[in-house]
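One structure below.
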Amino acid sequence: MQKRDPQDQALTLPTSPVPLGNPLTTGSPPWPAGDDSLATTISRLLFWGVGLASTIVTLGGIIYLVRHGHDPVDYHTFVGEPRDLRSPVGAWRLASRGQGRGWIQVGIVVAIVTPILRVALSFFTFWRRQDWLYTGISAIVLGGLLYSFAGAYW
Amino acid sequence: MCSLSVLEFSLLVWLGSFAAGCLGALTGLGGGIVIVPLLTAVFGVDIRYAIGSSLISAIATSTAAAAIYVKAGYTNLRLGMFLEVATTLGALAGATLSVVVPVKALEGVLGLVLLYSAYLAQQSPSPTEIVREPDPLSSRLQLHGVYPAADGGGGTITYSVRSIPTGFSLMALSGLLSALLGIGSGSLKVVAMDRVMGLPFKVSTTTSNLTIGVTAAMSAGVYLNRGYIDPGLSMPVVLGGLMGAAVGARILVGTKTEWLRGLFCLALAAMALKTLYKAVIPG
């Protein structure tokens with residue numbers, strides 16, 4: 001993508017032709033040229049991410065309620081979660097043994113990872129378009145996210 | 001509340017989160033802010049578990065909403081990414097601070113934030129003047145954008161962004177509060193983007209929503225690692241909040257939001273007082 005003069009862009013965009021119809025249904029955002037495809041891909045990623053996460057949480061929840069529905073509940077005192085429920089790897093270990101709480105936690109991890117993937121996707125898109133300013137900005141955000149998650153992964 | 005079974009408790013929490021998500025979507029104020037006080041003040045849950053579940057719920061709800069908004073073309077992806085630098089750094093600070101801040105102080109801060117949100121909620125959104133003259137910093141960062149005009153004629157409205165340093169700082173503060181209290185802190189973000197940076201209402205709400213997911217994901221890793229995220233509690237909170245927001249967004253057309261705004265504001269104020277009371281009494 002060649003460098004555009006921002007002021008020039010601001011002046012030309014309002015008059016540029018834009019697809020007709022309800023933007024909510026046609027899904028054609030009149031973005032500065034090129035951001036169109038990024039917006040569509042991001043929208044799809046977020047949709048499938050949250051859909052997958054809530055499906056896994058629901059399935060895990062059913063297993064959990066069927067097995068533990070009649071147990072007494074106590075969240076009044078904080079004890080913290082057992083070690084396996086504190087990391088994605090541990091949650092997967094419990095889930096693979098068919099534990100409902102493990103599956104719910106796996107779904108939660110999918111929910112957490114979805115916005116991180118969105119940042120990663122934006123980073124690579126800006127990189128490919130040689131938009132170095134925004135490659136740098138998204139790299140800072142992505143770096144922070146990976147740093148914070150590195151501690152929780154194991 | 002200790003005599004409840006897991007099934008009864010999950011059902012009640014699901015209903016509460018559903019109502020919170022529904023009201024949040026209907027009033028456009030976000031339901032996340034009420035989840036923590038709902039769990040602590042009504043269900044007697046320890047604030048650390050409440051913060052963990054509320055964060056996950058904020059991620060799920062904002063992601064689901066962003067999937068729709070981004071496609072509709074209102075969200076400013078560049079501005080969102082730029083402001084996420086502020087919110088994620090703020091969130092990192094907040095998650096680190098939360099280890100040393102005592103629970104009583106957390107409850108105190110939450111009470112004050114709730115009171116402030118109640119104050120903001122009773123104000124009707126004032127239409128902001130669109131910033132048309134290009135701000136130098138906005139141009140340099142290529143933050144200006146266009147969004148579809150409301151008349152449905154296919155026209156677009158161009159806007160610029162002003163007061164970027166102040167807005168950026170406020171976003172960092174909102175990230176800090178989000179990580180500290182497990183809320184989306186949408187009301188503070190809207191103040192930053194609407195009133196300070198002069199963004200059009202639809203752009204500010206949708207872009208603010210986009211940043212919530214990443215901000216919450218930043219601290220969620222830390223909280224997961226610290227054992228604050230309980231699957232049994234998070235399951236009804238996340239599913240109820242998501243369902244409530246989806247229903248709320250559908251029935252938005254044709255409802256009297258002024259009346260709901262008042263109700264939401266009252267609920268916030270009541271929970272603020274209860275949380276503040278809990279923060280000051282010993283034990």
Side-chain angles (χ1 to χ4, degrees), chain A residues 6-7 10 13-14 18-20 22-24 27 29-31 35 38-40 42-43 46-47 49-50 53-54 57-58 61 64-65 68-78 80-81 85-87 101 104-105 108 111-112 114-116 119 122 134 137-138 140-141 144-145 148-149 151-152, chain B residues 2 4-7 9-10 44-46 48-49 56 59-60 63-64 66-67 70-73 77-78 81-82 84-85 88-89 92 95 134 139 141-142 144-146 148 152 154-158 160 213-214 217-222 224-227 229-235 238-239 242:
Chain A
Q7 210 154 344
L13 265 169
V18 167
L20 294 169
N22 180 2
L24 275 167
W31 267 114
D35 260 3
L38 179 61
T40 312
I42 284 179
S43 171
L46 298 181
F47 177 81
V50 78
S54 50
V57 169
T58 307
Y64 171 61
L65 288 179
H68 299 281
H70 297 289
D71 294 359
V73 71
D74 183 21
Y75 291 114
H76 193 66
T77 39
F78 182 78
E81 296 308 308
L85 285 174
R86 293 184 184 211
S87 73
R101 284 164 64 88
I104 298 173
Q105 212 72 333
I108 286 173
I112 299 175
T114 304
I116 301 180
V119 176
S122 309
Y134 275 86
I137 288 174
S138 38
I140 298 173
V141 178
L145 287 167
S148 123
F149 229 68
Chain B
C2 30
L4 285 177
S5 75
V6 166
L7 194 63
F9 180 82
S10 302
V45 173
D46 183 279
R48 283 157 285 189
Y49 285 134
I56 305 303
I59 296 178
T63 305
V70 168
K71 205 172 159 194
L77 292 176
R78 281 171 197 273
M81 189 61 79
F82 174 68
E84 272 156 13
V85 174
T88 49
L89 289 181
L92 201 59
S139 299
L141 291 165
Q142 303 164 42
H144 49 261
V146 290
T156 56
I157 298 166
T158 312
S160 183
V214 163
M218 188 78 167
S219 40
V222 178
L224 180 70
N225 193 29
R226 233 181 268 154
I229 296 168
D230 182 88
L233 179 65
S234 304
M235 182 259 296
V238 171
L239 296 180
L242 262 181

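In what follows, every chain begins at residue 1, and chains take the letters A, B, ... in the order their sequences are listed.
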### Worked check of side chain to side chain contact (heavy atoms under 4.5 Å, CB included) between A:S54 and B:L239
CA-CA 7 Å; A:S54 50; B:L239 296 180; 4.1 Å; yes

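Contact record, B:A220 with B:I59: CB-CD1, 4.0 Å, taken as the closest heavy-atom pair.
Heavy-atom pairs under 4.5 Å with chain A were tallied for B:T88, B:L242, B:L233; the largest tally goes to B:L233. The residue among B:P231, B:S10, B:S234, B:A217 with the most heavy atom pairs within less than 4.5 Å of chain A is B:P231. When each of A:I140, A:T114, A:T77, A:I108 is checked for heavy-atom pairs under 4.5 Å with chain B, A:I108 comes out on top. Interface remark: of the candidates B:A64, B:G232, B:G213, B:G232 forms the most heavy-atom pairs closer than 4.5 Å to chain A. When the candidates A:L85, A:L145, A:I116 are compared by the number of heavy-atom contacts under 4.5 Å with chain B, A:L145 comes out ahead. In terms of heavy-atom pairs under 4.5 Å with chain A, the best-connected choice from B:L92, B:V85, B:L141 is B:L141.
For the pair A:L65 and B:M235, the minimum side-chain heavy-atom distance is below 4.5 Å. A:Q105 has its side chain out of reach of A:R86: every pair of non-hydrogen atoms, C-beta onward, lies at least 4.5 Å apart. Side-chain contact between B:D46 and A:H76: absent, with no pair of heavy atoms (C-beta onward) separated by less than 4.5 Å. Two residues are said to be in side-chain contact when any heavy atoms from C-beta on lie closer than 4.5 Å; B:V45 and B:F9 meet this criterion.
Here B:F82 and A:Y134 keep their ring centres 6.0 angstrom or further from each other.
Between A:F78 and B:Y49, the ring planes lie tilted relative to each other; the angle falls in the 30° to 60° range.
Neither the backbone nor the side chain of B:L89 comes within less than 4.5 Å of any heavy atom of chain A. Both the backbone and the side chain of A:F47 come within contact range of chain B, with heavy atoms under 4.5 Å apart. Both the backbone and the side chain of B:T63 have a heavy atom closer than 4.5 Å to some heavy atom of chain A. The contact between B:I56 and chain A is made entirely by side chain atoms (from C-beta outward), counting heavy-atom distances below 4.5 Å. Contact annotation for B:V214: both backbone and side-chain heavy atoms come within less than 4.5 Å of a heavy atom of chain A.
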